[in-house]
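Every chain is numbered from 1 and lettered A, B, ... according to where its sequence line falls, protein lines coming before strand lines.
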Amino acid sequence: MDKQNPSEPASRETGTTDFVRSLIDADNAAGTYDGKVHTRFPPEPNGYLHIGHAKSIVLNFGIAEEYGGKCNLRFDDTNPEKEEVEYIESIKEDVRWLGFDWEERLFFASDYFEQLYEFAERLIQKGLAYVDDQSADQIRETRGTPTEAGRNSPFRDRTIEENLDLFRRMRSGEFADGSRVVRARIDMAAPNINLRDPIMYRIRRQHHPNTGDAWCIYPTYDWAHGQSDWIEGITHSICTLEFENHRPLYDWFLDALDAAAPNRPRQIEFARLNLGYTIMSKRRLLELVREGHVSGWDDPRMPTICGMRRRGYSPEAVRNFCRSIGVSKTNSQIDIAMLEFHLREDLNRRAPRVMAVLDPLKVVIENYPEGKVEQVEADNNPEDPDAGTRLLPFSRVIYIEREDFREDPPKKFFRLAPGREVRLKHACYITCNEVVKHPVTGDVVELRCSYDPESAGGTTPDGRKVKGTLHWVSADHAVDAEVRLYDRLFSVANPADQAQREGREYTSYLNPESLSVLKQCKVEPSLREAPVGTTFQFLRHGYFCPDSRDSSLDAPVFNRTVSLRDSWAKLEQSGAAG
RNA sequence: UGGGACGUCGGCAAGCGGUCAAGCCACCGGGUUUUGAUCCCGGCAUUCGGAGGUUCGAAUCCUCCCGUCCCAGCCA
């Protein structure tokens, strides 16, 4: 057996393990599946994938990888009413983008409709399933409640022959939509409501994205899922907590079909991901899109994979985040600071540094010759010596960040102020000599400065120190750009819960400042041809990427992925800056 | 009032009867720095939802209680 040495669990790298891996380790130690580990990621193609799915994808594909097993991509397409090919394609793209490969194992529950149908006949033959002629309403009424048992259907004791005949005629389209269902014959008094003769098939004349009009009966999730796992040879069927109540049914179907180890899948449930200040339900996400609260599924504020991609997140960062949050059965909500941490960690390592002035203030360097242009050398990434350097044009008129100048600076402010000297990153030292104000509004419109001709590349021969280093951009060479700053989508940590508690619409908690657009930004010339798909560090600001939809050569548009940590802002806000 | 699950630091999360209750994020110091970024160093639960009990010894076992989540779709 070349699979996995039970004495060396796959989780040894981290030194700690989650309960799913522990369970797998135990199965391996006991030889339950002959050491085989085979998982699957089973999305329903009724929406776009979000960060919560990423957690599941990283878990399922990750486990397969660690244990030398496989992970299938299987679409749970049993309900043609909500499912569309658009979603199938986007899901494939997103899983790939996250960095996972299902190889040749792309499956659909609908691939097994015929097999499932045969299985169902088998259950009928064994007296374990029956055709029920009751209406949906009747079925609901007789199901009982959590505290009261349900009542048996009058059709529950039909003969096997009659059931078989009816089932075949259901398939062949003899009956109207909704007129009959097939149910598992379990126990209408079971305390677990899922066991009160759950529905296996419903009649629905609906075009199916995969099977077209071949079927007018469709299996339910409960009937299709476990059997699909079994057919594919899945060993560990990992799903979220809300399916815990379904596990007895999952097992009941497998028992009914005489599934046995080592080929009998096992369902394991973990807590789904909840992130603060956003929403994770596909239904609500769809609403945000349809009602126009966001620009689409890939709006950079959305927690969708495509939204994060457009926002400039890297797949590595998303994966690291998913791995770092752990897997447990505790309902919890992760702090977005955790996501941002992994984003910065990854982007810091890889993002090319670049200068961009978001709120420009004109600076004239009076003792710098008019018309002269120097090319200064700038490193592309101090974290990565292999990233090389580039040349930046420097000239008499530049822009600096408006907030980098204070006419009346607080104590711990060590940027530019009247009479102060600061360093222009990669270029020279300048001193502010004069503040030019608008005659009417009194706003600062321009700074008159002088530079030290001895200073070069950011240092001076005498080695004197300055406290502040500013980013800048040469006025004549700068490229105009639009920059979009994003903030949390909702202004409360728990929009869904809070809405319910306070009897409001969750949309009433949408953060009105989740997007702010800056139109007059000045960015360094190298950004004119910034390729979509790379995220840059705008020095001293944060990470930004060209918007994949709206950015063009003529009118570049950048999305802020995440800001840099800003201890000065924190200091100033706390009032400790003097 | 039925069934299933979960409660360990501000947020995650290890721990599975035996010296001090991992680690990460956040936070708070301090150092380095041509990004107030990064990096480095240090601090951060005498206590494990509560109360009893078993034991030489319990976050870990037992009992009761409290709190939270899931289940009455022909959704998944």
Side-chain angles (χ1 to χ4, degrees), chain A residues 14-18 22 42-44 46 76 78-79 81-83 132 134-136 139-141 143-150 177-183 190-196 198-204 217-218 220-222 224-225 239-248 269 271 276 282-283 324-342 344-345 348-349 353 355 378-379 382-383 412-415 423-427 429 457-459 465-471 493 537-542 563-572:
Chain A
T14 54
T16 137
T17 189
D18 57 73
S22 299
E44 183 190 9
N46 67 343
D76 229 326
T78 54
N79 182 4
E81 265 172 24
K82 302 182 183 170
E83 295 154 8
D132 193 345
Q134 293 184 109
S135 69
I139 288 177
R140 184 175 357 95
E141 281 157 22
R143 187 155 21 226
T145 69
T147 52
E148 300 166 78
D177 283 14
S179 62
R180 271 172 245 255
V181 292
V182 356
R183 296 228 253 169
N192 181 341
I193 295 174
N194 293 304
L195 261 17
R196 319 240 262 229
I199 282 144
M200 296 168 63
Y201 280 97
R202 65 280 214 183
I203 304 173
R204 202 112 94 195
I217 57 172
Y218 290 99
T220 56
Y221 164 86
D222 282 310
H225 200 91
C239 62
T240 43
L241 246 31
E242 66 270 27
F243 293 103
E244 205 158 24
N245 295 329
H246 294 240
R247 191 167 72 228
E269 313 85 10
K282 273 199 247 178
R283 197 205 89 219
S324 75
I325 56 177
V327 182
S328 76
K329 301 191 68 148
T330 315
N331 276 310
S332 61
Q333 187 176 57
I334 275 86
D335 194 332
I336 28 168
M338 189 73 126
L339 216 206
E340 294 181 345
F341 167 81
H342 286 282
R344 295 189 181 111
E345 182 189 55
N348 173 54
R349 223 171 40 222
R353 314 287 131 129
M355 298 223 258
D379 52 358
E383 303 291 321
K412 293 180 180 168
F413 183 86
F414 47 78
R415 276 112 97 145
R423 171 166 42 232
L424 293 179
K425 178 101 176 164
H426 302 307
Y429 284 20
T459 54
K465 304 269 189 210
V466 287
K467 290 280 265 179
T469 299
L470 272 40
H471 62 277
Q537 185 191 102
F538 285 8
L539 231 58
R540 306 208 300 135
H541 277 301
S563 66
L564 248 28
R565 288 184 60 200
D566 188 350
S567 56
W568 161 245
K570 209 182 285 176
L571 224 200
E572 199 178 28

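If you check every strand for non-hydrogen atoms under 4.0 Å, A:Gln134 touches a base. In this structure, A:Tyr218 reaches neither bases nor backbone, as no heavy-atom distance under 4.0 Å exists between it and the strands shown. Residue A:Arg353 is classed as a base contact, given a heavy-atom separation below 4.0 Å to a base. Residue A:Lys425 is classed as a base contact, given a heavy-atom separation below 4.0 Å to a base. Looking at heavy-atom distances under 4.0 Å, A:Thr78 makes contact with sugar-phosphate atoms alone, never a base. Contact annotation for A:Leu424: no contact, since no heavy-atom pair falls under 4.0 Å across all strands. Looking at heavy-atom distances under 4.0 Å, A:Val466 makes no contact with the nucleic acid at all. A:Asn348 comes within contact range of the sugar-phosphate backbone alone, with a heavy-atom separation under 4.0 Å but no base atom that close. Across all strands shown, A:Thr330 has heavy atoms under 4.0 Å from sugar-phosphate atoms exclusively, and none from any base. When heavy atoms are screened at a 4.0 angstrom cut-off, A:Ile325 is found touching the sugar-phosphate backbone but no base atom. In this structure, A:Phe243 reaches the bases: a heavy-atom distance under 4.0 Å links it to at least one base atom across the strands shown. In this structure, A:Arg204 reaches the sugar-phosphate backbone alone: every heavy-atom distance under 4.0 Å involves primed, P, OP1 or OP2 atoms, never a base. A:Ala136 comes within 4.0 angstrom of a base, heavy atoms only. Here A:Gln333 lies in heavy-atom contact (under 4.0 Å) with sugar-phosphate atoms only.
B:rG17: no Watson-Crick or G-U partner with both key distances under 3.5 Å is found in any strand. Base pairing analysis places B:rC75 opposite nothing; no Watson-Crick or G-U wobble pair with both distances below 3.5 Å involves it. Across every strand in view, B:rC44 sits unpaired, with no contact that passes the Watson-Crick or G-U test at under 3.5 angstrom. Under the Watson-Crick or G-U wobble criterion, with both distances below 3.5 Å, B:rA58 has no partner in any strand shown. Pair assignment for B:rC64: B:rG50, on the basis of Watson-Crick or G-U wobble contacts that are both within less than 3.5 Å. Judged by Watson-Crick or G-U wobble contacts below 3.5 Å, the nucleotide B:rU32 has no partner.
Residue A:Asn245 places a side-chain atom within donor-acceptor reach of the base of B:rG3, judged by atom type and a 3.5 Å distance cut-off alone.
The separation of B:rC61 from B:rC48, taken at their C1' atoms, amounts to 16 Å, rounded to a whole angstrom. Distance check on atom C1': B:rA58 versus B:rG15 gives 13 Å, rounded to whole Å. The P atoms of B:rU46 and B:rU54 are separated by 27 Å, rounded to the nearest whole Å. As rounded to the nearest Å, B:rC16 and B:rG7 have P atoms that lie 15 Å from one another. Rounded to a whole angstrom, the distance from the P atom of B:rC65 to that of B:rU1 is 11 Å. Straight-line distance between the C1' atoms of B:rG67 and B:rA26: roughly 26 Å, to the nearest whole Å. When the C1' atom is used for both B:rG49 and B:rC6, the distance is 11 Å, rounded to whole Å. Atom P of B:rC20 sits at a distance of 14 Å from the matching atom of B:rU47, rounded to the whole Å.
Considering only side-chain N and O atoms, A:Arg196 lies nowhere under 4.0 angstrom from the phosphate OP1 or OP2 of B:rC71. The phosphate of B:rC27 has OP1 or OP2 within less than 4.0 Å of a side-chain N or O from A:Lys570. Put simply, A:Arg565 has a side-chain N or O that comes within less than 4.0 Å of OP1 or OP2 on B:rU38. Contact check, A:Ser324 against B:rC24: no side-chain N or O comes under 4.0 Å of OP1 or OP2. Proximity of A:Arg283 to the phosphate of B:rG73: no side-chain N or O atom is located under 4.0 Å from OP1 or OP2. Distances shorter than 4.0 Å separate some side-chain N or O of A:Arg143 from OP1 or OP2 on B:rG73. A close approach under 4.0 Å does occur between a side-chain nitrogen or oxygen of A:Arg540 and OP1 or OP2 of B:rG36. The shortest distance between the side-chain N/O atoms of A:Ser567 and the OP1/OP2 oxygens of B:rA37 is below 4.0 Å.
Regarding A:Asn331, its CG atom lies at a distance of 15 Å from the C1' atom of B:rG11, rounded to whole Å. One can place CG of A:Leu564 at 9 Å from P of B:rG36, the figure rounded to the nearest angstrom. When the P atom of B:rU35 is taken as reference, atom NZ of A:Lys467 falls 13 Å away, rounded to whole Å. Rounded to whole Å, the distance from CD1 on A:Ile139 to P on B:rA72 is 15 Å. A:Asp335 places its CG atom 14 Å from the C1' atom of B:rC9, with the value rounded to the nearest Å. One atom, CZ of A:Phe341, and another, P of B:rG23, lie 15 Å apart when rounded to the nearest Å. When rounded to the nearest whole Å, the span between CD of A:Glu148 and P of B:rG3 equals 15 Å. Remark: C1' of B:rU8 and CG of A:Asp18 are 17 Å apart, rounded to the nearest angstrom.
For A:Asn192, whose side chain is taken as the heavy atoms from C-beta onward, the closest listed nucleotide among B:rU35, B:rG3, B:rC75 is B:rG3. Between B:rC12, B:rG2, B:rA76, one nucleotide has an atom nearer to the side chain of A:Ile334 than all others, and that is B:rC12. Listed candidates were B:rA76, B:rC6, B:rA26. Nearest to the side chain of A:Ala337 is B:rA26. With B:rG2, B:rG36, B:rA76 as the choices, the nucleotide that has an atom nearest any side-chain atom of A:Asp76 turns out to be B:rA76. Nearest nucleotide to the side chain of A:Ser332, out of B:rC75, B:rA13, B:rU35: B:rA13. Distances from the side chain of A:Met338 to the nucleotides B:rC24, B:rG2, B:rA13 place B:rC24 closest.
A salt bridge is absent between A:Lys82 and A:Glu44: the closest approach of a Lys/Arg side-chain nitrogen to an acidic carboxylate oxygen does not fall below 4.0 angstrom.
Contact of the A:Arg247 side chain with the A:Asn192 side chain is not registered, since no non-hydrogen atoms from C-beta on lie closer than 4.5 Å. Residues A:Arg183 and A:Gln134 are in side-chain contact: their nearest non-hydrogen atoms beyond the backbone lie under 4.5 Å apart.
When atom types are taken as modelled, the side chain of A:Arg196 and the backbone of A:Ala190 share a donor-acceptor pair closer than 3.5 angstrom.
Contact between A:Arg565 and A:Lys570 at its shortest, heavy atoms only, is NH2-NZ, 4.2 Å. Minimum interatomic distance between A:Asn79 and A:Glu83 (heavy atoms only, all atoms of both residues): O-CD, 3.0 Å. Contact record, A:Tyr201 with A:Ile217: CD2-CD1, 4.0 Å, taken as the closest heavy-atom pair.
Ring geometry, A:His246 versus A:Phe243: the interplanar angle exceeds 60°, so the pair is classed perpendicular (tilted spans 30 to 60°).
Here A:Tyr221 does not lie in a stacked arrangement on the base of B:rA76, lacking the combination of planes under 30° and ring centres under 5.5 Å apart.
Along RNA chain B, the nucleotide nearest to A:His246 and the one nearest to A:Arg415 differ in position, and the one closer to the 5' end is contacted by A:Arg415.
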